[in-house]
S.K.: 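Provided herewith is a single structure, encoded as structure tokens, for subsequent inquiry.
Below, chain A is the first sequence line, B the second, and so on; all start at residue 1. Side chains are part of it too, since the values below use all heavy atoms of this structure and drop only hydrogens, waters and symmetry mates.
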Number of protein chains: 2
Amino acid sequence: MKEIEKRLNDNGVRPTAMRILIYKYMAEKEIAVALTDIENVFAKADRTTLYRTLKTFEQKGIVHQIDDGTHISKFALCEPGCNCELEQDLHLHFHCTNCDETVCLTEQKIPHINLPDGYVAEDANLVLKGICEKCSG
Amino acid sequence: MKEIEKRLNDNGVRPTAMRILIYKYMAEKEIAVALTDIENVFAKADRTTLYRTLKTFEQKGIVHQIDDGTHISKFALCEPGCNCELEQDLHLHFHCTNCDETVCLTEQKIPHINLPDGYVAEDANLVLKGICEKCSG
DNA sequence: ATAATCAATGTACTTCCGTTGCATACTTAA
DNA sequence: TTAAGTATGCAACGGAAGTACATTGATTAT
Ligand SMILES: [Mn+2]
Ligand SMILES: [Mn+2]
Ligand SMILES: [Zn+2]
Ligand SMILES: [Zn+2]
């Protein structure tokens with residue numbers, strides 16, 4: 001568990017009990033989580049605290065937010081040493097329309113796209129939808 | 001205007017006055033529109049009617065829904081003869097973080113992505129964020 | 001050790017968007 | 001002309017995101 005505390009400290013986030021629990025939860029889970037998910041797991045804690053924890057994690061580069069097209073924000077831990085802001089670090093996400101789960105495919109980078117003149121891209125989001133490996137097995 | 005009526009008829013949508021107006025509005029506008037936008041333009045009409053008009057248009061292949069990451073559904077007219085369901089017809093969208101407008105880049109198709117074993121893609125969504133041509137000029 | 005200071009959490013409330021149920025007006029076909 | 005089907009209007013609900021303010025907890029300086 002000391003690793004988690006270190007990770008939080010290194011990113012300028014004070015390792016409170018709640019934050020460590022949330023980090024641990026997200027680390028164990030291999031899929032992206034929504035605020036509601038965390039809410040259900042930590043029912044005793046207040047929603048706002050969980051909400052702000054995710055926001056803090058995001059600002060400090062501990063998690064990245066995922067827009068999978070469901071209109072519900074999902075979050076997933078960043079790879080250690082990842083820099084989500086840099087374009088080459090952008091990986092794609094897969095949303096399963098069967099089990100409704102969203103996963104990071106960190107190996108699959110978003111290919112470079114040639115844009116028309118005048119357009120300057122600073123960020124990219126690529127989501128594939130379909131059947132995930134668990135559901136297609 | 002007869003063209004609009006024909007387009008609606010061809011897609012199995014009865015060309016009511018309201019529907020023609022909404023179609024015309026979307027045709028004149030070159031950017032994707034949200035329900036709220038239409039609401040503001042046609043303030044006299046009921047929100048639900050506008051909502052259902054968009055839903056109907058979408059079901060009948062007249063417009064396609066766009067998820068630009070703002071958590072607000074946007075809609076844009078489909079190209080005549082386009083088949084949004086087919087993967088090769090999927091184009092990318094650009095969301096300007098300055099003017100908050102989203103446009104279809106119908107010429108820029110989403111490149112094919114190799115997925116890990118077990119994953120079956122049925123749909124794709126690629127959104128680039130940055131500065132649009134109007135704002136960068 | 002105590003007080004002052006700042007950060008984290010809790011409580012309550014608000015806004016926005018999407019969605020649905022049901023009533024009413026309109027259009028088409030028998 | 002009546003009946004059936006479709007479109008529109010009206011009202012309400014629910015989920016998710018966000019914020020203002022109070023309270024608790026941890027750090028630091030005196
Ligand atoms: Mn990811
Ligand atoms: Mn488009
Ligand atoms: Zn699945
Ligand atoms: Zn712009």
S.K.: B:Asp37 has an atom CG; how far is it from atom P of C:dG18, in whole Å?
M.R.: 10 Å
S.K.: Provide, to the nearest angstrom, the distance between the NZ atom belonging to B:Lys55 and the P atom belonging to C:dT20.
M.R.: 9 Å
S.K.: Measure NE2/B:His71 against C1'/C:dT19 and give the value in whole Å, please.
M.R.: 18 Å
S.K.: Nearest whole angstrom, please: distance from the C1' of C:dC16 to the NZ of B:Lys74.
M.R.: 14 Å
S.K.: Pairs under 3.5 angstrom, nitrogen or oxygen only, protein versus nucleotides 7-11 of chain C, please.
M.R.:
from   : atom 1 : to      : atom 2 : distance (Å)
C:dA8  : OP1    : A:Arg19 : NH1    : 2.8
C:dA8  : OP1    : A:Arg19 : NH2    : 3.4
C:dT9  : OP1    : A:Thr16 : OG1    : 2.8
C:dG10 : OP2    : A:Asp46 : N      : 3.4
C:dG10 : OP2    : A:Thr49 : OG1    : 2.8
C:dG10 : N7     : A:Arg52 : NH2    : 3.3
C:dG10 : O6     : A:Arg52 : NH2    : 2.7
C:dT11 : O4     : A:Thr48 : OG1    : 3.4

S.K.: Would a 4.5 Å heavy-atom cut-off, applied to side chains only, mark B:His64 and B:Cys104 as touching?
M.R.: yes
S.K.: Any side-chain heavy atom of B:Gln65 within less than 4.5 Å of one from B:Lys55?
M.R.: yes
S.K.: Send over the distance from B:Asn9 CG to D:dA7 P, rounded to a whole Å.
M.R.: 12 Å
S.K.: Atom OH of B:Tyr51 and atom C1' of C:dG18: how far apart are they, to the nearest Å?
M.R.: 6 Å
S.K.: Any donor and acceptor pair, going by atom type alone, linking the side chain of B:Asn11 with main-chain N or O of B:Val13 inside 3.5 Å?
M.R.: no
S.K.: Between atom CD1 in A:Ile20 and atom P in D:dA26, what is the gap in whole Å?
M.R.: 12 Å
S.K.: Passes side-chain hydrogen bond (donor to acceptor under 3.5 Å, both in side chains), A:Asp67 versus B:His71? Steps please.
M.R.: CA-CA 8 Å; A:Asp67 251 312; B:His71 284 188; 2.9 Å; yes
S.K.: Rounded to whole Å, how long is the line connecting atom CD of A:Gln59 with atom P of D:dG18?
M.R.: 11 Å
S.K.: Would you check if the distance from the ring center of B:Phe75 to the ring center of B:Phe57 is below 6.0 Å?
M.R.: no
S.K.: For A:Val103, which of A:Ile31, A:Leu92, A:Asp68, A:Ile66 qualifies under side chain to side chain contact (heavy atoms under 4.5 Å, CB included)?
M.R.: A:Ile31
